[in-house]
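The next block holds one structure in the form of structure tokens; read it before the comments.
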Amino acid sequence: MEYTLTELANRCGGLLRGNGDTLIRSVATIQHAGPGAITFLSNNRYRRYLAETRAAAVILTPADADICPVPALVSDNPYLLYARVATLLTAALAPQKGVDAGAKIHPDARVSAEAWIAPGVVLEKGVVIARGACIGPNCVIQAGASVGEDSRLVANVTLCHDVRVGKRALIHPGAVLGADGFGIARDGDTWVKVPQLGSVVIGDDVEIGANTTIDRGALEDTVIDNGVKLDNQIQVGHNAHIGEHTAIAGCVGISGSAHIGRRCMIGGGAGVAGHIEICDDVTITAMTIVSHSIHEPGVYSGSLPMDTGAQWRKNSARFRQLDEFVRRLITIEKKLKD
Amino acid sequence: MEYTLTELANRCGGLLRGNGDTLIRSVATIQHAGPGAITFLSNNRYRRYLAETRAAAVILTPADADICPVPALVSDNPYLLYARVATLLTAALAPQKGVDAGAKIHPDARVSAEAWIAPGVVLEKGVVIARGACIGPNCVIQAGASVGEDSRLVANVTLCHDVRVGKRALIHPGAVLGADGFGIARDGDTWVKVPQLGSVVIGDDVEIGANTTIDRGALEDTVIDNGVKLDNQIQVGHNAHIGEHTAIAGCVGISGSAHIGRRCMIGGGAGVAGHIEICDDVTITAMTIVSHSIHEPGVYSGSLPMDTGAQWRKNSARFRQLDEFVRRLITIEKKLKD
Amino acid sequence: MEYTLTELANRCGGLLRGNGDTLIRSVATIQHAGPGAITFLSNNRYRRYLAETRAAAVILTPADADICPVPALVSDNPYLLYARVATLLTAALAPQKGVDAGAKIHPDARVSAEAWIAPGVVLEKGVVIARGACIGPNCVIQAGASVGEDSRLVANVTLCHDVRVGKRALIHPGAVLGADGFGIARDGDTWVKVPQLGSVVIGDDVEIGANTTIDRGALEDTVIDNGVKLDNQIQVGHNAHIGEHTAIAGCVGISGSAHIGRRCMIGGGAGVAGHIEICDDVTITAMTIVSHSIHEPGVYSGSLPMDTGAQWRKNSARFRQLDEFVRRLITIEKKLKD
């Protein structure tokens, strides 16, 4: 694909600055862009490369536009404009259609003629695959599960029985949706399994990262709402609910029955306790433990910054006696009062 | 399946209260149960729904029985009784038997005629599958590995060579048992691989969550004892030993040669250091780092509760100088003594 | 295989002590070794077993050699010498060659006649498999990806399109290389996907653990340099760079665009923030959060040691007011100065 800068501005937005006839064929980083490539500047760390860039054009903010040596598309949200331009320039070919001879389709599965089923895929009884869906190699979709229009399971994805995936989902390799929740009841010294009878329901426009796991509900469903974006290796426990347009970074663990609001952002490695509620528009920083409900939008944190090993050892040893030190402080305060 | 409340009491336990002829066909939550459904009450958060429940019957404690508006099964451990009732009511059909034409079975593998091998399964040389076992779609079982009676590998599970799984195991999708332990020896600037010659031995009645990984031992075996329950995305290092009926929540990491006792409970995201020992009946709270051996049963913790970002920044900045503050405190104490 | 102790010393190194004609057929732990087995002693925890060992020979340090009751190979790095001896004694048979009838190979894939493609493997268009490579059961290699000489993908590994794996790689089951990086741009209340146009490049002699995920770059490649060793369930974000011979333990999360130097060691469960730099020869202890760049080699820490639940609750409650306590300390200091 090839567009003039004027065409890109018309289709994707942004204010043109400089020669609108500049031809754009590709995207690249600001450091390494060459002729025909457009780049973007949205992180201050990279501004030092602007003066020397060999890009054909740059997407940037009004503030940076004045010092841009080449034509530009100007926007208050250059990263978003870049996303649109890159999507346009790298538009994929129409996906394949049909069922590969190496797939195993149960006779009672219903597959749209407009879907693609790759080699090695197993579709069990009652599975429904909508038109435009693409089920990549070696995916397993168990009895009664369904995949909505234009959704893509890249490869080696497992949907357990009765899981429902909405439209335009993108599910990366190794993801497992609908494994049993971790429900066990103590019986003296041993454990008795609690049947996990709910399912998993995924809304529209959801992205699910590689090796992420989302457990089925115990009695009702685990729910991932429209527009949720999940990174890799996230664990979502049974009956959790994740609200619309919430984005969660890699390695986060969400315990059972946690209820997370809309438009939240959760940093990598964080943990959310079970049966708690997080309201809309909450940001959790990386590796924080959300141990209780949050009722006010805002930023919440809980992880200590690293230090040199020697300094850390001193401070953490003191931490082990923190309560005692505070008591001694209070004793001094009393003494001084007298 | 359909039972009277009296039949459920006879088969599963619990003291009948109210009309024993009440017919029960399903299980449901206390909020959403309707006619024919039994529910349970074991968590105080849900007691407020009891008065209004439309369930046909409720499983609950003696203390809650008096305020129950419908027939009840009374037990000191309602969650356990519910587990039994739900298991009875939702009993699965007898599993399939036979070998799907789309499975690839090495001629030297031995598969019971009473087992089920799904499409896409690969069984290598010397594999043994016992009767009642169910090997789900696209599982890979490598040379010499074995699966005991009535065990189920749901889908996309990998057993590496010579891994042994006991009876009645339930292994969820994406689990990997028997990958090489992380054994490397430093050789100047580079690393030399240490052969991983042990295996993994899984006892009876073990459940293993989705995408959990259990490495093979370096020289001897990694051992998961009878009745152990592992949630999703747990990592178990080589030569670890997990004692009977220990339950471990999601995202826990257990380092090599750690020895964990019986009936322990480990919360989500916790980490256990290598070569340490945890005695029986220890509870570790979520995201705690078990950095040294534990010789006394009890509860152990190590994670800080989250705070607002602003408050957290202040406190964590002080933490970086905690040792200095304590020294200053001691100086004051000395001064006041003089 | 069977060797005399003299032959082992000649081939693997180490100073012979005692009878060089001692025959060695196997390796074992110091506690459980029997006739014909060689063992090693490199961890002080196990020295107490030395006097009673029934091993045919022991690999150990000069300091331990004097108290060794059996023949020995003496080395300053007994674990490394053991790794070499064990590799020699347990040398695998020559791997299989050819393409199993149950693999699905795109006609435009190029597979060396000296490679092995197991049942259930899917190779898409343009894939290149070099000689000596071994692609285990049910692996998926997507369009344009390549695997170098003598590399082994054990089973159920996914390489997404255009990923390049070097020579002698060992990739364990469930690993996913080249899934899309987590790139999303905010658009009001929703998110727009940013195309992930780079790839993943893996050097030579790299080991990648089970269920580890390495995302493809956004514009340029995610790079894992020669000799890097990654344990299980590690997450590597887009455009990260891991330098030569760095070793990373299980469950570590590395955010996008992090640049990690050579010969680093990162402990289990640690997290590395995005866009930061870690210089060569840095050691990060387990479960530390690397929140900012590190420019000096050395050891860095950031995790608190566990305590009993009761003691922990007291200390962590005080932590929530740490800033206030320090202010009160400063107030006292001022008062005493006056």
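Order of the sequence lines fixes the chain letters, A, B, ..., with proteins taken first and strands second; residue numbering starts at 1 for each chain.
Only the side chain of C:K104 has a heavy atom closer than 4.5 Å to any heavy atom of chain A. In this structure, no portion of A:I171 lies under 4.5 Å from any heavy atom of chain C. Within the 4.5 angstrom heavy-atom criterion, no atom of C:V272 approaches chain A. Contacts of A:R45 with chain C are made by side-chain atoms alone, with heavy-atom separations under 4.5 Å and no backbone atom involved. When heavy atoms are compared at a cutoff of 4.5 Å, C:L197 approaches chain A solely by way of its side chain, counted from C-beta outward. Residue A:F325 does not touch chain C at all, counting heavy-atom pairs closer than 4.5 Å. Residue A:A86 touches chain C through both its backbone and its side chain, counting heavy-atom pairs closer than 4.5 Å. Contact of C:E296 with chain A is not made at all, since no heavy-atom distance falls under 4.5 Å. If you measure heavy-atom distances from C:I141 to chain A, you find no contacts under 4.5 Å at all. Residue contact with chain A, scored on non-hydrogen atoms closer than 4.5 Å, involves the backbone of C:S303 exclusively. Only the backbone of C:T212 comes within contact range of chain A, with at least one heavy atom under 4.5 Å from a heavy atom of that chain. Residue contact with chain A, scored on non-hydrogen atoms closer than 4.5 Å, involves the backbone and the side chain of C:Q235 alike. Proximity to chain A (any heavy atom under 4.5 Å) is restricted, for C:C139, to the backbone atoms N, CA, C and O. A:D231 touches chain C through backbone and side chain together, each having a heavy atom under 4.5 Å away. Of the atoms belonging to C:T190, heavy atoms from both backbone and side chain fall under 4.5 Å from chain A. Of the two parts of C:S255, neither the backbone nor the side chain holds a non-hydrogen atom closer than 4.5 Å to a non-hydrogen atom of chain A.
Electrostatic pairing of A:R168 and A:D205 counts as a salt bridge here, judged by a charged N lying under 4.0 Å from a carboxylate O.
Looking only at heavy-atom pairs under 4.5 Å with chain C, the residue among A:V326, A:T308, A:L304 that has the most is A:V326. Interface remark: of the candidates A:S316, A:P137, A:G174, A:P137 forms the most heavy-atom pairs closer than 4.5 Å to chain C. For chain C, the option among A:A249, A:G209, A:A247 with the highest count of heavy-atom pairs below 4.5 Å is A:A247. Of the listed residues C:H292, C:M287, C:H275, the one with more heavy-atom pairs under 4.5 angstrom with chain A than any other is C:H275. Of the residues considered (A:L89, A:N226, A:D281, A:L230), A:L230 shows the highest number of contacts with chain C, using heavy-atom pairs under 4.5 Å. Of the listed residues (C:P305, C:S301, C:A185), the one with the most heavy-atom contacts under 4.5 Å to chain A is C:S301. The candidate with the highest count of non-hydrogen atom pairs below 4.5 Å against chain C, out of A:L329, A:N43, A:T246, A:T39, is A:L329. The most heavy-atom pairs under 4.5 Å with chain A, out of C:I284, C:T331, C:N138, C:V121, come from C:N138. When the candidates C:L322, C:D307, C:T288, C:V192 are compared by the number of heavy-atom contacts under 4.5 Å with chain A, C:D307 comes out ahead. Comparing C:P195, C:A179, C:G237, C:G271 by heavy-atom pairs within less than 4.5 Å of chain A, the highest count is held by C:P195.
In this structure, C:I202 and C:I214 have side chains that are in contact, with non-hydrogen atoms separated by less than 4.5 Å.
Not a single donor-acceptor pair under 3.5 Å links the side chain of C:D108 to the backbone N or O of C:G126.
When the shell of 6.0 Å around CG of A:D76 is examined, it contains 12 or fewer heavy atoms from other residues, nucleotides or ligands. Crowding of A:R328 atom CZ: a count of heavy atoms from other residues, nucleotides or ligands under 6.0 Å exceeding 12.
Between the side chains of A:N315 and A:R318, no donor-acceptor pair is found at a separation under 3.5 Å. Under 3.5 Å, the side chains of C:S199 and C:D162 contain no donor-acceptor pair of N or O atoms. Side-chain contact check for A:H172 and A:E207: at least one donor-acceptor pair (N or O, by modelled atom type) lies under 3.5 Å.
One distance of note links CD of A:Q321 with CD of C:Q311; it measures 8.5 Å at 0.5 Å rounding. We find the CD1-OG distance between C:I129 and C:S146 to be 8.0 Å, quoted to the nearest 0.5 Å. Separating the CG atom in C:L159 from the CD atom in C:E124 is a distance of 11.0 Å, to the nearest 0.5 Å.
For the pairing with A:F40, the ring-ring contact (aromatic ring centres under 6.0 Å, His included) check across A:Y49, A:Y46, A:Y82 returns one residue only, A:Y82.
The ring of C:F182 has its center no closer than 6.0 angstrom to the ring center of C:W191.
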task = For the pair C:D221 and C:R216, evaluate salt bridge (Lys or Arg N to Asp or Glu O under 4.0 Å) and give the outcome as yes or no after the intermediate values.
result = CA-CA 6 Å; C:D221 297 330; C:R216 65 191 317 113; over 6 Å; no
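Not counting sequence neighbours, A:A286 has no partner by the side-chain contact (heavy atoms from CB on, under 4.5 Å) test.
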